[in-house]
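Report on the following structure.
Counting starts at 1 for both ligands and their atoms, in listed order.
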Amino acid sequence: MPLLTVDGLWKRYGDRTVLRGIDLEIARHEVVCLIGPSGSGKSTLLRCVNLLETVDDGAIFLDGVEITAVNADEDAVRRRIGMVFQSYNLFPHMTVLDNITLAPVKVHGRPRAEAVDEARALLARFGLADKAADYPDRLSGGQQQRVAIIRALACRPEVILLDEVTSALDPALVGEVLTTIRDLRSQGMTMLLATHELAFAREIADTVCFLSNGELLEQGPPSQLLKSPHHPQTRTFLNHLLP
Ligand code: ADP
Ligand code: MG
């Protein structure tokens with residue numbers, strides 16, 4: 001059974017239709033990359049999966065249980081699905097350590113000492129042990145984004161959604177964030193990510209999905225989809241991006 005299933009998902013804002021019947025399955029430990037032009041609906045799809053948006057039609061299932069059902073426990077779902085945004089959204093008035101432990105302690109009711117130990121272990125694992133007591137504005141953009149990823153991991157999610165997490169970064173800082181995502185993959189984390197880093201998608205994805213105007217036009221392994229796409233629109237998009 002897929003860990004995550006998106007079944008016939010439609011999303012509208014007023015009279016504007018943004019997602020048009022998206023079908024997508026993600027297996028446990030699978031890494032799926034969403035690519036497509038700006039405005040094609042990648043962020044909206046991720047936000048729907050994290051229940052930040054209500055859906056107009058269709059359903060989303062986590063481990064076979066519908067999370068878009070009216071009686072679903074949204075907090076319980078978000079505990080199981082982590083999300084990291086383009087703009088890291090760290091709390092500026094809290095230290096790195098407090099940013100990471102906030103949700104585990106306040107939302108999940110974990111003992112503070114335990115949450116702190118786990119946060120320190122995560123910081124050490126990702127080479128940020130010496131930043132625990134710093135405020136976010138003392139960190140580089142790449143370090144802040146890595147802290148945002150650690151903050152998501154601290155809730156022990158089963159799947160992580162990453163929305164263009166390198167696109168706000170100085171090019172010199174992109175590499176360290178991609179290294180972090182590679183590391184998550186090697187640990188078996190299930191991930192759904194929107195990215196415009198095609199070389200990275202080719203390297204990290206099991207499946208690449210091409211979205212255009214709210215439709216998932218085609219999906220396949222990166223070796224196929226990025227090299228010999230079936231759909232003319234995918235070809236046009238890739239020709240535009242790849243020399
Ligand atoms: P992408 O992430 O692929 O660039 P988005 O999901 O952000 O695309 O946007 C898809 C479309 O939905 C765009 O046309 C965008 O303008 C529109 N959209 C996104 N959020 C809203 C909103 N809150 N209200 C109205 N339109 C929105
Ligand atoms: Mg987006």
Item to check | Reference residue L19; test side chain to side chain contact (heavy atoms under 4.5 Å, CB included); the match among L216, V6, L9 | outcome: L9
Checklist outcome for this item: Taken in chain and number order and not counting sequence neighbours, the residues that satisfy salt bridge (charged side-chain N to carboxylate O under 4.0 Å, His left out) with D98 are R112
Next on the checklist: L162 and side chain to side chain contact (heavy atoms under 4.5 Å, CB included): which single residue from V177, L192, L193, V31 fits?
Outcome noted: L193
Item to check | the Mg ion (ligand 2) contact by S43, N, O or S atom under 2.8 Å | outcome: yes
Item to check | Non-neighbouring partners of R182 that pass salt bridge (charged side-chain N to carboxylate O under 4.0 Å, His left out), sequence neighbours left out | outcome: E203
Item to check | Sorted by chain and number, the residues that approach ligand 1 to under 4.0 Å with a heavy atom | outcome: Y13, R16, V18, P37, S38, G39, S40, G41, K42, S43, T44
Checklist entry - Cation over ring, R151 on F91, under 6.0 Å and within 45°? => result yes
Checklist entry - What residues form a salt bridge (charged side-chain N to carboxylate O under 4.0 Å, His left out) with R185, not counting sequence neighbours? => result D206
